[in-house]
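Written out below as structure tokens is the structure these notes cover.
Within every chain, numbering begins at 1; the chains are lettered A, B, ... in the order of the sequence lines, protein sequences first and strands thereafter.
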2 protein chains.
Amino acid sequence: MALSDAILVCLTERPMSGYDLAKYFDTSIGFFWHATHPQIYRELKKLGQRGYVVSDEEIQSGKPNRIVYCLTDAGRQALLEWSRKPVAPALIKDDLLVRLQAIEHIDKRALRQQITARLAAHREQLAQYHHIRDVRFSHGEPEPSDLGKLMGLELGMEYENGWINWCKNALARLEPDGD
Amino acid sequence: MALSDAILVCLTERPMSGYDLAKYFDTSIGFFWHATHPQIYRELKKLGQRGYVVSDEEIQSGKPNRIVYCLTDAGRQALLEWSRKPVAPALIKDDLLVRLQAIEHIDKRALRQQITARLAAHREQLAQYHHIRDVRFSHGEPEPSDLGKLMGLELGMEYENGWINWCKNALARLEPDGD
DNA sequence: TAAGTATATGTGTATTGACACATATAGGCA
DNA sequence: TGCCTATATGTGTCAATACACATATACTTA
């Protein structure tokens with residue numbers, strides 16, 4: 001899998017151009033999957049060849065024309081079939097944890113600084129999730145189409161909270177030493 | 001980065017052959033970084049060319065000879081320099097969360113099954129972390145060289161607990177609907 | 001006027017990673 | 001005897017990913 005599927009998921013929201021998708025990947029879905037624009041443009045072509053999307057060129061004066069992609073019935077079917085396949089849990093795959101395994105062979109001062117920076121980064125990310133939840137989901141029950149997005153946010157919060165707790169404990173453990 | 005650095009980290013533990021490393025990547029460090037054996041063998045050659053490891057062939061009768069790799073001073077230096085570079089937080093990158101974004105276009109029954117399976121998988125992983133902690137780190141203060149490994153385990157527990165909480169809430173949210 | 005930023009689409013290439021295939025031997029089991 | 005598993009090292013190849021480069025225009029700011 002998976003970039004192709006992630007794109008199909010995005011296009012259930014609304015028809016989008018490659019540029020739109022690239023921006024979308026930098027925000028909402030980008031919390032759970034990443035892609036650069038060359039990747040997206042190439043993948044869109046493949047999806048078109050498979051008949052999962054159709055493109056429509058929007059003529060624009062001055063700026064380059066937008067090529068807007070739209071899901072086909074075959075694309076929706078592919079998405080449905082993909083959603084039935086089992087998913088393996090993603091592994092953590094984090095540099096910082098790898099470094100920790102060789103704690104006696106690395107620069108401990110740098111390590112403390114990195115954990116401090118991480119703590120700040122995770123707090124900021126958590127604040128961003130809270131902000132999104134407050135502006136989008138604070139008005140009673142979410143609409144059924146938004147439920148998944150809210151659940152995604154909640155996982156993000158769970159994840160960031162876990163890291164924040166860990167960073168605080170880690171710093172407490174590492175502070176005592178002179179270096 | 002990073003497979004090369006992960007291998008250097010492993011070799012701080014003890015000299016290892018490619019086969020040893022592949023097994024090591026399936027257990028301890030494998031919680032935070034993954035690698036297949038062809039990848040490891042190729043990377044070891046590159047590390048040798050850079051002078052970060054030296055190899056020593058252990059003659060064995062019958063079985064193929066083991067080529068055991070050992071860190072050099074240059075390798076230790078490279079590890080130290082790597083440990084000073086800032087690390088970006090890893091993103092979550094999880095299929096399940098991507099699917100959730102298109103919740104109205106996927107198979108909801110399959111989704112519930114997948115979350116149920118995930119809950120079980122995360123509980124099992126958590127139990128494994130607890131087991132490792134109990135057998136390796138239950139005897140008072142950990143040795144300095146083991147501190148990082150203990151901290152890694154703790155992050156793993158934080159992570160699995162977050163997922164477990166989320167799965168339980170998610171199932172509660174999804175159950176009510178007939179389908 | 002020059003520089004930077006946003007819009008919009010691509011190519012070219014290198015690195016990484018996944019996975020099948022290949023080889024060789026010893027030991028256990030049916 | 002045949003098959004599977006464990007030990008041990010590789011090659012060959014394709015897909016996925018990252019990143020630099022290329023192009024074209026409009027608008028804003030110094």
Side-chain N or O of [X] versus OP1/OP2 of [N]: is the shortest distance under 4.0 Å?
X	N	value
B:Lys93	D:dA16	no
A:Gln39	D:dA16	no
A:Tyr41	C:dG10	no
A:Thr36	D:dT17	no
B:His37	C:dC19	no

Measure from the side-chain heavy atoms of [X] and tell me the nearest of [options].
X	options	value
B:Tyr19	D:dA8, C:dG17, C:dT9	D:dA8
B:Arg42	C:dT9, D:dT9, D:dG12	D:dG12
A:Trp33	C:dT9, D:dT9, D:dT17	D:dT17
A:Lys45	D:dT11, C:dT11, D:dG10	C:dT11

Separation of [X] atom [atom1] from [N] atom [atom2], in whole Å?
X	N	atom1	atom2	value
A:Asp26	C:dT5	CG	P	16 Å
B:Ile40	C:dG17	CD1	P	11 Å
A:His34	D:dC19	NE2	C1'	11 Å
B:Leu44	C:dT16	CG	P	14 Å
A:Ile7	D:dA16	CD1	C1'	13 Å
B:Asp20	D:dT9	CG	C1'	12 Å
B:Asp5	C:dT16	CG	C1'	14 Å
A:Phe25	C:dA8	CZ	P	18 Å

Parallel, tilted or perpendicular: ring planes of A:Phe31 versus A:Tyr129, cut at 30 and 60 degrees: perpendicular
Parallel, tilted or perpendicular: rings of B:His122 and B:Trp163 (30°, 60°): parallel
More than 12 heavy atoms of other groups within 6.0 Å of B:Glu58 CD: yes
Minimum heavy-atom distance between B:Ala22 and B:His37, given as atom pair plus value: CB-CB, 4.0 Å
Earlier contact from the 5' end, DNA chain D, for B:Lys23 and B:Pro38: B:Lys23
N/O donor-acceptor pair under 3.5 Å between B:Arg66 side chain and B:Ser17 backbone: no
